[in-house]
Amino acid sequence: MKVLASAPAKIILFGEHSVVYGKPAIAAAINLRTYVRAEFNNSGRIKIEAKDIKTPGLIVSFSENEIYFESDYGKAAEVLSYVRQAIELVRDEADANGRGITVSITSQIPVGAGLGSSAAVAVSTIGAVSKLLGLELSNEEIARLGHRVELLVQGVSSGIDPTVSALGGFIHYENGKFEHLPFVNLPVVVGYTGSSGSTKELVAMVRDTYEDIPDIIEPILAAMGKVVEKARETLLLGEDGRWKLGRLGELMNINHGLLDALGVSTKKLSELVYAARTAGALGAKITGAGGGGCMYALAPEKQSEVATAITIAGGTPMVTEISREGLRIEVVVP
Ligand code: PMV
């Protein structure tokens with residue numbers, strides 16, 4: 001028997017960083033997916049084949065007599081620990097320890113860009129392997145197992161990434177509670193700077209500033225919380241009318257300015273954000289922790305212009321939409 005499952009990447013639409021201080025956030029699944037094929041093998045071992053996962057690649061620099069290589073392949077190895085934990089957890093649940101399983105992964109999601117590649121790989125692995133072992137799990141249960149995988153691999157996690165990846169659509173998150181918001185079609189362009197920031201270091205940096213000057217930082221975080229609530233109200237109104245998209249764009253720009261005030265933007269991120277706005281995006285902001293990673297733009301009827309502008313500004317554009325679907329079982333071959 002063989003099973004092919006897939007799960008999407010996510011972007012944080014509003015509320016990164018302020019969410020760490022108990023404010024709400026909104027995230028959504030996007031149409032970039034990780035595919036995992038699972039089948040039994042006779043060795044009794046777990047075998048993982050990662051043939052095509054997107055890593056930022058290689059940078060080479062030269063001095064007089066030396067060549068220096070920098071690579072992000074360590075990040076690819078990190079992804080594999082999520083796969084391994086996911087398989088072990090599902091084998092445990094199914095009382096199938098010792099059963100040999102091979103999984104093959106291909107992915108459209110760049111690793112280490114803040115787009116939730118680890119959660120997508122964990123969720124699609126859990127989906128494929130649980131089906132292979134005959135477990136009937138709901139997507140909610142798979143989201144919870146995905147959260148457990150994150151806790152095992154990285155120690156702390158809010159669980160928002162595996163929740164969005166398993167359930168799809170829009171998720172409003174506040175103090176550990178998730179609410180599924182109704183689906184609206186948002187034409188977005190994600191712009192990847194090509195480098196990644198460390199979420200842990202950026203969260204610590206904001207914490208230092210907060211402790212140093214709380215009277216200045218607290219109102220910024222409070223404003224971010226209000227931006228998220230206004231965005232939730234706007235999304236709840238549904239899809240009828242351009243001005244509502246305009247309002248979302250406006251809120252994105254405000255949220256970006258507030259993130260910049262916290263110090264998590266970079267020159268490259270700001271360049272991609274302004275290039276997207278100049279090319280006609282209704283709004284553009286950082287998505288995720290910042291310090292590198294990605295921005296996203298809301299660009300109805302302007303996706304290709306915005307993608308070109310992002311390329312000219314030195315980023316890698318990914319034209320995409322919000323994914324209604326989360327985890328999907330693609331094929332089951334008996
Ligand atoms: O790096 P990402 O995309 O997973 O985003 C991190 C979001 C933060 O709010 C900065 C941190 C967190 O734990 O919520």
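Order of listing sets the numbers, starting from 1, for every ligand and every atom in it. For the numbers below, each heavy atom of this structure counts, side chains included, while hydrogens, waters and symmetry mates do not. Quick caveat: nothing in here was measured; it's all calculated off a predicted structure.
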Next on the checklist: Looking only at protein heavy atoms, which one is nearest to atom 3 (O) of ligand 1, and what is the separation?
Outcome noted: G114 O, 3.0 Å
Checklist entry - Of all heavy-atom pairs between N255 and G15, which one has the smallest distance, and what is that distance? => result OD1-N, 3.2 Å
Checklist entry - Which residue holds the protein heavy atom closest to atom 1 (O) of ligand 1, what is that atom called, and what is the gap in Å? => result T199 OG1, 2.8 Å
Checklist entry - Is it the case that one hydrophobic cluster holds both I12 and I254, taking links as side-chain heavy atoms less than 4.5 Å apart, direct or via other members? => result no
Item to check | Pairs meeting criterion side-chain hydrogen bond (donor to acceptor under 3.5 Å, both in side chains) with involvement of residues 305-314, two or more places apart | outcome: none
Item to check | For E16, the ligand 1 atoms whose distance to one of its heavy atoms is below 4.0 Å | outcome: 9 (O)
Checklist entry - So, K267 and E271, do they make that salt bridge, N to O below 4.0 Å? => result yes
Next on the checklist: Can you tell me how the ring of Y274 sits relative to the ring of H256, calling it parallel under 30°, perpendicular over 60° and tilted otherwise?
Outcome noted: perpendicular
Item to check | Top protein contact for atom 14 (O) of ligand 1, by heavy-atom distance | outcome: V19 CG1, 3.3 Å
Checklist outcome for this item: Closest to atom 7 (C) of ligand 1 by heavy-atom distance, out of I11, V203, V20, I12, is I12
Item to check | Protein residue, atom and distance nearest to atom 9 (O) of ligand 1, heavy-atom basis | outcome: H17 N, 2.9 Å
Checklist entry - What about K10: any of its N or O atoms under 3.5 Å from an N or O on ligand 1? => result yes
Next on the checklist: Against R148, only a single residue in E93, E141, E88 fulfils salt bridge (Lys or Arg N to Asp or Glu O under 4.0 Å); can you say which?
Outcome noted: E93
